[in-house]
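Working notes for the structure below.
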Amino acid sequence: MDAALSLHTALRVPEPSTEWSARTRERDLIVAAQHGDRDAFAELVTLHQRRAYAVARAITATHEDAEDAVQEGFLHAYRALDRFRPEQAFGAWLHRIVANAALDIGRRRRVRDADALSDSVALPFRDPAEQDELRRRLTAGLEELSQRQRSVIVLHDVEGFTHGEIGNMLGIPEGTARSDLHHARAALRRTLGDLWSQR
Amino acid sequence: MSIEPRIGPHGRDDDLTRALRSVYAAPSDDAYWTSLAGRIMARIGGEAAEQWWLPLARFARIGLVAAAVALVAARIALSRDAARQTAIAYDGVIETPASAPLQVATDATPGSVRDATLRYVISP
């Protein structure tokens, strides 16, 4: 009896981890979507839209542009789904598409009003005076950065992507992403530094 | 005053990161994400609805070509038939049928009767 129990224990398949299960589920959804199941694609949208928005928001100047980029990105992804290979990471593939859509929108709207950034976001700080000053300084600092530097610092410091992932998304070498991050941090510290040191 | 940023792990400036997060914060309301997903799927559905006829377009093209070929063929056939009808009619006009009866002309005038009588008298 004990031998049977130990054999059963030895042969028992380990419980699939949540991550493994989620990946399997995602792969099933992708295959179903590739076969024309639109509900499966809708579920993929629900799973990935927040991260896709974060990527788009890091690249575009406004929330509205980020939203457009997310919609464009998912539309492109849906059209290109047949070309997606299951061994790829769907998230990385999608982020690349969304990043390209965001870069396209950025190119089309390069001459957008400089105040759009500050109009489109809400800063949840306690002290209104500090909030206004911080907003003003941060907005000014972000506008002094190149679009690529801004995207790199947000994707890395806010969203937690690695240099390699950022390079892949933006179509730049990893070293360039690293260098952009260094310069962007230094520029924003210069802009905000004295404000913070007064606290 | 000196600038002394608080640097976190991986070289992050914690204050800077916090400030950036506040600027780039994604909407936290679930209703927003439900709505966005709905709009994305509506766009995908709309595009699919606009292009539902695309698979049929190939067949439509083939059908149009077939109809054009049929039209040309019908026109050629009609034109040949018309030419044949014209030829038959022409032949009917210019050709005298061999079996057509000959009409013998008879002169029924009084002068002819007299000539006949005279030929009878003088005949041997």
Side-chain angles (χ1 to χ4, degrees), chain A residues 36 38-39 41-43 45-46 49-54 57-58 63 66-67 70-75 77-79 117-118 120-125 131 134-135 137-139 141-142 150 153-160 181-182 184-186 188-199, chain B residues 1-70:
Chain A
R38 212 174 293 167
D39 289 341
F41 192 78
E43 205 167 323
V45 169
T46 305
Q49 62 178 347
R50 288 172 194 250
R51 200 76 169 132
Y53 172 88
R57 186 68 187 86
H63 162 76
E67 205 176 66
V70 171
Q71 292 188 39
E72 287 285 320
F74 274 111
L75 197 59
Y78 184 76
R79 287 183 194 140
L117 179 65
S118 54
S120 64
V121 294
L123 297 175
F125 286 93
Q131 176 184 332
L134 185 65
R135 172 189 287 200
R137 294 279 194 95
L138 191 57
T139 302
L142 287 167
R150 196 169 58 233
I153 193 171
V154 176
L155 287 170
H156 188 277
D157 283 1
V158 178
E159 301 303 333
L181 178 64
H182 173 77
R185 277 175 178 166
L188 288 181
R189 274 176 199 148
R190 272 196 304 276
T191 307
L192 301 175
D194 62 333
L195 182 70
W196 285 333
S197 63
Q198 288 166 13
R199 287 186 223 170
Chain B
M1 289 185 187
S2 63
I3 299 171
E4 291 178 0
R6 280 163 276 182
I7 307 297
H10 310 294
R12 277 196 188 91
D13 177 334
D14 289 343
D15 286 335
L16 178 57
T17 301
R18 202 167 19 253
L20 282 170
R21 281 195 177 137
S22 69
V23 172
Y24 287 93
S28 55
D29 186 4
D30 282 346
Y32 169 79
W33 296 107
T34 307
S35 158
L36 180 61
R39 275 177 283 154
I40 291 166
M41 291 314 295
R43 273 188 77 173
I44 287 169
E47 185 173 85
E50 278 173 20
Q51 297 183 348
W52 66 268
W53 49 269
L54 279 182
L56 301 177
R58 191 173 34 178
F59 297 109
R61 220 171 292 134
I62 293 167
L64 280 174
V65 170
V69 169

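Naming convention: chains lettered A, B, ... in sequence-line order (proteins, then strands); numbering from 1 in each chain.
Of the inter-residue distances, the one linking Thr34(B) atom OG1 with Gln49(A) atom CD reads 7.5 Å to the nearest 0.5 angstrom. Rounding to the nearest 0.5 angstrom, the gap separating the CG atom in Leu16(B) from the CZ atom in Arg189(A) is 7.0 Å. Here the CG-NE2 distance, from Leu20(B) to His156(A), works out to 12.5 Å after rounding to the nearest 0.5 Å. Interatomic distance, CZ of Arg21(B) versus CD of Glu159(A), reported as 8.0 Å (0.5 Å rounding).
Pro27(B) approaches His63(A) most closely through the heavy-atom pair CG-CE1, 3.8 Å.
Here the side chains of Val23(B) and Val154(A) are not in contact, with every heavy-atom distance at 4.5 Å or above.
In this view, Asp30(B) and Arg50(A) satisfy the side-chain hydrogen bond (donor to acceptor under 3.5 Å, both in side chains) rule, not counting sequence neighbours. Considering only residues two or more places apart in sequence or on other chains, Phe74(A) meets the ring-ring contact (aromatic ring centres under 6.0 Å, His included) condition with none of them.
With a 4.5 angstrom heavy-atom cutoff, Ala54(A) does not touch chain B via any of its atoms.
Comparing Ile153(A), Thr46(A), Leu75(A), Val70(A) by how many heavy-atom pairs each has under 4.5 Å with chain B, the most go to Leu75(A).
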